[in-house]
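Remarks on the structure that follows.
For the numbers below, each heavy atom of this structure counts, side chains included, while hydrogens, waters and symmetry mates do not. Sequence lines set the chain letters: A, B, ... in the order given, protein chains first and strands last, and positions in each chain run from 1.
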Amino acid sequence: MEGDETEGRRQKLQAMRDAGVNPYPNDFRPEHTTREVKTDLGEADAAALEAFEGVFCLAGRIVSRRDFGKASFLHLQDRSGRLQVYVKRNIVGDEAFAAFKQWDLGDFLGVRGRPFLTKTGELTIEASEVHLLGKALRPLPEKWHGLTDVEARYRQRYLDTVTSEEVRETFRKRSRIIQAIREFFISRDYFEAETPMMQAVAGGAAARPFVTHHNALDIDLYLRIAPELYLKRLLVGGFDRVFELSRVFRNEGVSTRHNPEFTLVEFYQAYATYRDMMDLTEELFVELADSIVGSRTMSWAEHALDLTPPWRRVSIPEHVAEKMGLDIDAVRGLDYELLRKAGDEVGGPLRQDYRAKYGEAAAGYLLMDLFETIAEEELIQPTFVEEYPVAVSPLARRNQESPNFVDRFELFIGAKEMANAFSELNDPVDQRQRLEAQLQHRAAGDDEAHAMDEDFLRALEHGMPPAAGEGIGIDRLVMMLTDSASIRDVILFPHMRPDKP
RNA sequence: GAGCCGUUAGCUCAGCCGGUUAGAGCAUCUGCCUUUUAAGCAGAGGGUCCCGCGUUCGAUCCGCGGACGGCUCACCA
């Protein structure tokens, strides 16, 4: 049992307390990081270190140790990295050395000492003082292999990160990506908003929401599936450029690409179109690739990606017409029978009865499914997919020439949807009709159809400027920029079933 | 929700065709050791083989059911 080792550590802890020693003090103040030592002296030779008069003061976890009778080597790990420390009995003194002998891997240690170079040439701190700063009762994972059990890595992420510099680096990159996105929008005069996470109507996307209850008001509230409708209210309210970067919640399954809560940046710009959003997206992704990866080409899983703009653009009706050998005008005309025949040819889920579920909007949904079935696997390099049917885009502006379609794109990279953008629908009459159509879909059994939102419609009726908006899934973006195969590798604490009691 | 695969010591993993007391490395404990770095040498302890039921003289191993996880699919971003 793990109890063996933990029990031994508990006994050491009790022995310290019995001897009047505090095993959890908080009076040691490190003055340097291990990286600072290496940065200052990494190039110095033995003679230079001999002449060096400074003393370093460090704190961190003991992550390895090699004991001798009257001396010991260990590695100390802090937030910046790890550094070797040499503890010698005749320097720290008999009493301190005897105490030090009782300390374990995983314990927190404070060290003061001067640098030197070992025989093997490793920069090392020769301790003049050692202090126990915190006793660990449970051991760290095995030093060589670390923690490889994926379940344990996710459930006890702290063990994963304390063991793996690579994992720590992935999450540092995530933090830098989020910071860079903020700076990207703020530098373009966007206003950062915080809108409600709990909403009376869960709108702005097609997804099932989580439900919660407000006791004092005695109403059900929904965790938001998107901030979209509130950000549009801010367009009405005079914020011409607005973004929000935070969590949304969707009551769907989990997979390597899905977590029930995920991070989204949504941004809206008045007097812009979805085409402007394409340019902005290319700029953002290139900037992130340059700063995070250091290159516009990168590998993601089995793919070699090239983010150099301009990115490919693919029209849904054109692609379907071309691949299926159909007449483009008939496809744009949303000829249901024609698409039905094509769907039967492709087979699979496309055989279902779209008319029963979607009524007059059936052809639009069918076209989308057809496109996804025949094209999604090809969408490896960055690709803007455009010309979406009105029926699947209840919040997007109609195309001026082609009213069955909207001015919208989705960005695909590595066959994954990375972003969704459109010129926003600011015609309140059209918006009301679209939401009413969604209500019919809901009544016919589509429980992800958009809900009616009278409060939002009232805001639109007060006047929203022409605008374009976009949402980018941050987790998938981080996956791409860190070459991660699973969304759980870029979310610190991914959702899992509760562990056995 | 479906299919496939997995679960053995604290960690990383072996374990043959169903057969005595389930093994190794690291970690832990004891002893020696003042330039090691997966330190070394000598010794020791540590197991609900995920859980339950069944088959069998006998089950870590075979069958059925369940839990949890991974992957793929479905839903979705």
Side-chain angles (χ1 to χ4, degrees), chain A residues 1-9 11-12 46 63-75 82-92 97 102 104-106 116-124 126 136-156 159-160 163 204-208 225-226 248-266 348-349 352 369 372 376 410-413 415-420 446-448 470-477 479 485-488 494 496-501:
Chain A
M1 270 165 69
E2 140 257 327
D4 259 16
E5 172 151 11
T6 300
E7 194 44 48
R9 290 181 181 224
Q11 283 166 13
K12 290 177 182 174
V63 292
S64 71
R65 65 184 287 177
R66 293 163 293 284
D67 282 318
F68 298 84
K70 301 180 184 63
S72 181
F73 286 94
L74 61 91
H75 275 97
R82 46 176 72 177
L83 188 70
Q84 185 166 255
V85 174
Y86 186 41
V87 182
K88 241 187 329 186
R89 188 170 79 172
N90 64 354
I91 293 182
V92 298
F97 193 78
Q102 294 296 306
D104 295 300
L105 287 177
F116 74 105
L117 218 52
T118 64
K119 271 184 187 169
T120 53
E122 179 167 349
L123 180 62
T124 300
E126 182 185 73
L137 292 181
R138 293 174 188 265
L140 294 174
E142 199 246 4
K143 63 183 175 187
W144 191 240
H145 301 90
L147 196 63
T148 64
D149 178 77
V150 280
E151 183 175 355
R153 288 185 47 224
Y154 298 149
R155 288 194 195 277
Q156 293 183 279
L159 293 181
D160 190 27
T163 308
R208 280 189 290 271
I225 55 176
V248 298
F249 309 86
R250 299 190 182 175
N251 207 337
E252 312 280 357
V254 299
S255 79
T256 50
R257 292 175 293 281
H258 301 88
N259 194 59
E261 56 179 302
F262 63 99
T263 302
L264 190 65
V265 60
E266 279 202 15
Q352 66 177 283
D369 285 358
E372 281 168 14
E376 200 156 359
E410 285 190 350
L411 169 65
F412 285 83
I413 305 179
K416 292 177 182 66
E417 186 188 336
M418 305 292 282
N420 180 20
D446 180 2
D447 54 5
E448 288 174 4
E470 179 170 343
I472 299 174
I474 301 297
D475 308 280
R476 290 182 183 174
L477 180 57
M479 284 170 68
S486 169
I487 199 167
R488 295 182 198 103
M496 306 186 78
R497 277 180 202 278
D499 213 349
K500 279 173 274 186

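- With sequence neighbours excluded, the residues satisfying side chain to side chain contact (heavy atoms under 4.5 Å, CB included) with Lys70(A) are Arg89(A).
- Nearer the 5' end of RNA chain B, as judged by each residue's closest nucleotide, is the contact made by Arg66(A), out of Glu410(A) and Arg66(A).
- Following rounding to the nearest Å, Leu123(A) (CG) and U35(B) (P) show an atom-to-atom distance of 19 Å.
- Contact annotation: Thr148(A) side-chain N/O to U12(B) OP1/OP2 distance is under 4.0 Å.
- At a threshold of 4.0 angstrom between heavy atoms, the contacts of Tyr86(A) include nucleobase atoms, whether or not backbone atoms are also involved.
- With hydrogens and angles disregarded, a donor-acceptor distance shorter than 3.5 Å links the side chain of Glu142(A) to the backbone of His145(A).
- Along RNA chain B, the nucleotide nearest to Ala485(A) and the one nearest to Met418(A) differ in position, and the one closer to the 5' end is contacted by Ala485(A).
- Among the atoms of the strands shown, none is found under 4.0 Å from any heavy atom of Asn420(A).
- Put simply, Phe73(A) rests on the base of U36(B): the two rings are less than 5.5 Å apart at their centres and nearly parallel, under 30°.
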(request) Represent RNA chain B in dot-bracket notation, 5' to 3'. Only Watson-Crick or G-U wobble pairs with both distances under 3.5 Å count; pseudoknot-style crossings use [ ] and interstrand partners use |. (result) (((((((..((((.....[...)))).(((((.......))))).....(((((..]....))))))))))))....
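- Remark: Arg488(A) is in phosphate contact with C71(B), judged by side-chain N or O atoms under 4.0 Å from OP1 or OP2.
- Among the atoms of the strands shown, base atoms are found under 4.0 Å from some heavy atom of Asn90(A).
- Of the listed nucleotides (U36(B), G69(B), C75(B)), C75(B) has the atom at the smallest distance from the side chain of Glu448(A).
- Between Glu252(A) atom CD and C73(B) atom P the separation is 17 Å, expressed in whole Å.
- Atom NZ in Lys70(A) sits about 16 Å away from atom C1' in U36(B), given to the nearest Å.
- Counting to the nearest Å, the P atom of A38(B) and the CG atom of Asp67(A) are 16 Å from each other.
- A donor and an acceptor atom sit less than 3.5 Å apart, one in the side chain of Gln84(A) and one in the base of U36(B).
- One atom, CG of Asp149(A), and another, P of G10(B), lie 13 Å apart when rounded to the nearest Å.
- Comparing C11(B), C68(B), C71(B) against the side chain of Pro141(A) picks out C11(B) as the nearest.
- Atom P of nucleotide U35(B) and atom CD1 of Ile91(A) are separated by 12 Å, given to the nearest angstrom.
- Residue contacts for Arg82(A): at a heavy-atom cut-off of 4.0 Å it reaches no nucleic acid atom on any strand shown.
- Using a 4.0 Å heavy-atom cutoff across all strands shown, Arg89(A) reaches no nucleic acid atom at all.
- A donor-acceptor pair under 3.5 Å is formed between the side chain of Arg250(A) and the backbone N or O of Ile225(A).
- Checking C71(B), U35(B), A74(B) against the side-chain heavy atoms of Lys119(A) singles out U35(B) as nearest.
- When the nucleotides A77(B), U34(B), U12(B) are ranked by their closest atom to the side chain of Leu147(A), U12(B) comes out on top.
- When the P atom of A77(B) is taken as reference, atom CG of Asp475(A) falls 14 Å away, rounded to whole Å.
- Atom CG of Asp369(A) and atom C1' of C75(B) are 12 Å apart (whole Å).
- Aromatic ring orientation, Tyr86(A) versus Phe116(A): tilted (interplanar angle from 30° to 60°).
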With the criterion being N/O to N/O and under 3.5 Å, what pairs connect the protein with nucleotides 26-30 of chain B, and how long is each?
unit_1	atom_1	unit_2	atom_2	d
C26(B)	O3'	Lys143(A)	NZ	3.4
A27(B)	OP1	Lys143(A)	NZ	3.0
A27(B)	O2'	Glu5(A)	OE1	3.3
C29(B)	OP1	Lys12(A)	NZ	2.8

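- Using a 4.0 Å heavy-atom criterion, one finds that Ala152(A) contacts no nucleic acid atom at all.
- Across all strands, Gly146(A) comes closer than 4.0 Å only to sugar-phosphate atoms, never to a base (heavy-atom distances).
- With distances taken from any side-chain atom of Ser255(A) to the nucleotides G70(B), A74(B), U72(B), the minimum falls on A74(B).
- Judged purely by atom type and a 3.5 angstrom limit, Arg9(A) uses its side chain to pair as donor or acceptor with the backbone of Ala136(A).
- Distances from the side chain of Thr256(A) to the nucleotides G70(B), U36(B), C71(B) place C71(B) closest.
- One finds no side-chain N or O of Thr124(A) lying less than 4.0 angstrom from the OP1 or OP2 phosphate oxygen of U36(B).
- The Met496(A) side chain lies nearest to G70(B) when the options are C75(B), G70(B), U34(B).
- No engagement by Asn251(A) is indicated, since no non-hydrogen atom pair under 4.0 Å with the nucleic acid exists.
- Comparing C75(B), U34(B), C68(B) against the side chain of Glu151(A) picks out C68(B) as the nearest.
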